Q: 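Below: one structure in structure tokens.
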Amino acid sequence: MRYNKSREITDPYFLNLHKGINEEAKKWHLRIEQPFRIEDDNKNWADLAKFGAVLIEGEMTPVAIKQIKRLNPERVSKSSLY
């Protein structure tokens, strides 16, 4: 894995990304939740179907993105440094 939690809280890219997401969510009266992190051992992928949208931060394999889209169709955004 290229990015871990410690880098996310010190890297200006991730700090600004999180800040922008939270600011926009507040403007639109949206709630941001993080059901799990990709490195978590116990992920409940089915929980993604309950959300209005899924925002993926960082890099994901095409297989993982397809899995997420099956659970929450046409509602996947992807953010990547590259």
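All of these numbers come straight from a predicted model, not from anything done at the bench.
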Q: Using 0.5 Å steps for rounding, measure from the CG atom of Leu17 to the NZ atom of Lys19.
A: 12.5 Å

Q: Less than 4.0 Å between a side-chain N and a carboxylate O, is that true for Arg31 and Glu33?
A: yes

Q: CD/Gln67 to CE/Met60 distance, rounded to the nearest 0.5 angstrom?
A: 8.0 Å

Q: State yes or no: do Phe51 and Leu30 share one hydrophobic cluster built from I, L, V, M, F, W and Y residues joined by side-chain heavy-atom distances below 4.5 Å, directly or via other members?
A: no

Q: At their closest point, which heavy atom of Arg70 faces which heavy atom of Pro73, and how far apart are they?
A: O-CD, 4.3 Å

Q: Write down the atom of Arg37, the atom of Lys43, and the distance for their closest heavy-atom approach.
A: O-CD, 3.8 Å

Q: Is the closest basic N to carboxylate O distance between Lys27 and Glu24 below 4.0 Å?
A: yes

Q: Atom CG in Asn22, atom CD1 in Ile32: separation rounded to 0.5 Å?
A: 6.0 Å

Q: Hydrophobic cluster membership, with links at side-chain heavy-atom distances under 4.5 Å among I/L/V/M/F/W/Y: are Leu15 and Tyr13 in one?
A: no

Q: Once ring-ring contact (aromatic ring centres under 6.0 Å, His included) is applied, what residue pairs with a partner in residues 23-43 remain, sequence neighbours excluded?
A: Phe36-Trp45

Q: Tell me whether Lys66 at atom NZ has more than 12 heavy atoms from other residues, nucleotides or ligands lying less than 6.0 Å away.
A: no

Q: Provide the closest heavy-atom pair for Val54 versus Asn72 in the form atom of the first, atom of the second, distance.
A: CG2-ND2, 3.5 Å

Q: Taking the side chain as everything from C-beta on, heavy atoms only, tell me whether Leu48 gets closer than 4.5 Å to Pro35.
A: yes

Q: Not counting sequence neighbours, which residues clear salt bridge (charged side-chain N to carboxylate O under 4.0 Å, His left out) with Lys50? List them please.
A: Asp47

